[in-house]
**Student:** 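Sharing a structure below in structure tokens format, with a few things to ask.
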Amino acid sequence: MKQITAVIKPFKLDEVREALAEVGVTGLTVTEVKGFGRQKGHTELYRGAEYVVDFLPKVKVELVIDDALTERAVDAIIKAARTGKIGDGKIFVRSIEQVIRIRTGETGPDAV
């Protein structure tokens with residue numbers, strides 16, 4: 001099993017969710033986060049005063065899926081989240097040793 005963590009632009013969340021559903025992903029977790037990479041933040045003007053926004057709003061999408069579905073899920077995220085501009089985000093893929101469904105005690109792929 002693999003855990004995929006994608007940090008994307010907030011307005012791309014619905015497109016990513018729909019793309020993942022089309023490839024067979026049945027569940028995911030979404031967290032609103034802030035961060036920066038190559039964007040290095042930006043300057044904004046508020047009531048005549050200029051200030052720097054260091055951390056930009058992002059959305060972190062996390063899912064655990066079977067190994068066979070990993071490549072299709074990653075491709076779906078890339079296609080749905082890409083704008084072609086700086087700040088599109090990152091995808092991280094990690095191996096998961098064990099999954100346990102708390103309610104039933106199921107383990108492994110059955111618990112996902």
Side-chain angles (χ1 to χ4, degrees):
M1 286 176 290
K2 301 287 186 202
Q3 178 182 22
I4 298 175
T5 302
V7 180
I8 61 171
K9 292 182 175 185
F11 67 89
K12 287 294 197 172
L13 177 59
D14 285 336
E15 292 176 52
V16 169
R17 184 184 48 80
E18 290 169 9
L20 288 170
E22 286 177 14
V23 298
V25 173
T26 57
L28 52 90
T29 301
V30 176
T31 310
E32 291 181 10
V33 296
K34 291 184 178 191
F36 70 91
R38 291 186 180 163
Q39 285 176 291
K40 306 271 193 272
H42 62 276
T43 304
E44 288 188 5
L45 195 62
Y46 179 72
R47 294 188 177 184
E50 206 173 85
Y51 66 99
V52 176
V53 177
D54 290 330
F55 294 99
L56 301 171
K58 300 287 181 180
V59 173
K60 182 165 67 169
V61 179
E62 297 175 291
L63 52 139
V64 176
I65 56 176
D66 194 58
D67 290 336
L69 192 55
T70 303
E71 191 172 326
R72 290 189 316 187
V74 168
D75 288 342
I77 294 169
I78 291 169
K79 288 176 186 164
R82 178 178 285 151
T83 66
K85 297 180 181 149
I86 195 165
D88 277 350
K90 298 267 191 303
I91 300 173
F92 307 95
V93 180
R94 291 179 229 151
S95 292
I96 297 295
E97 289 184 31
Q98 187 174 9
V99 177
I100 303 165
R101 185 184 309 261
I102 295 172
R103 179 178 54 88
T104 62
E106 294 171 293
T107 60
D110 293 335
V112 176

**Student:** Under a single-linkage definition using a 4.5 Å side-chain heavy-atom cutoff for Ile, Leu, Val, Met, Phe, Trp and Tyr, are V25 and V93 assigned to the same hydrophobic cluster?
**Tutor:** yes

**Student:** Look up atom OG1 in T5 and atom NZ in K90, then write down how far apart they are to the nearest 0.5 Å.
**Tutor:** 14.0 Å

**Student:** Are more than 12 heavy atoms from other residues, nucleotides or ligands located less than 6.0 Å from atom CZ of R101?
**Tutor:** yes

**Student:** Roughly how far, to the nearest 0.5 Å, is the OG1 atom of T70 from the CD1 atom of I65?
**Tutor:** 4.0 Å

**Student:** Same hydrophobic cluster for L56 and V16, using side-chain heavy-atom links shorter than 4.5 Å among ILVMFWY?
**Tutor:** no

**Student:** Treat each ILVMFWY residue as a node, draw an edge where side-chain heavy atoms are under 4.5 Å apart, and state whether L13 and V7 are in one component.
**Tutor:** no

**Student:** Could you tell me which non-hydrogen atom of I86 sits nearest to which non-hydrogen atom of K9, and how far apart they are?
**Tutor:** O-NZ, 3.6 Å

**Student:** Do I78 and L63 land in one hydrophobic cluster if side-chain heavy atoms of ILVMFWY residues count as linked below 4.5 Å?
**Tutor:** yes

**Student:** Okay, side chain of D88, backbone of R82: is any donor-acceptor separation there less than 3.5 Å?
**Tutor:** no

**Student:** Atom NZ in K60, atom CD1 in I8: separation rounded to 0.5 Å?
**Tutor:** 12.5 Å

**Student:** Taking atom CG of L28 and atom CD1 of I77, what is their separation to the nearest 0.5 Å?
**Tutor:** 8.5 Å

**Student:** Starting at CG of D75, measure out to CD1 of I91 and round the result to the nearest 0.5 Å.
**Tutor:** 8.5 Å

**Student:** Could you state whether V61 and M1 fall into the same hydrophobic cluster, counting links through intermediate Ile, Leu, Val, Met, Phe, Trp or Tyr residues with side-chain heavy atoms under 4.5 angstrom apart?
**Tutor:** no

**Student:** Any idea which heavy atoms bring A73 and I4 closest together, and the distance?
**Tutor:** CB-CD1, 3.8 Å

**Student:** Spell out, as yes or no, whether a donor-acceptor pair under 3.5 Å connects the side chain of K2 to the backbone of E71.
**Tutor:** no

**Student:** Should K34 and K58 count as side-chain neighbours, where that means a heavy-atom distance under 4.5 Å?
**Tutor:** no

**Student:** Can you tell me how far apart OG1 (T26) and CG (L69) are? Round to the nearest 0.5 Å.
**Tutor:** 9.0 Å

**Student:** Evaluate the side-chain proximity of D66 to V112: yes if any heavy-atom separation is below 4.5 Å, no if none is.
**Tutor:** no

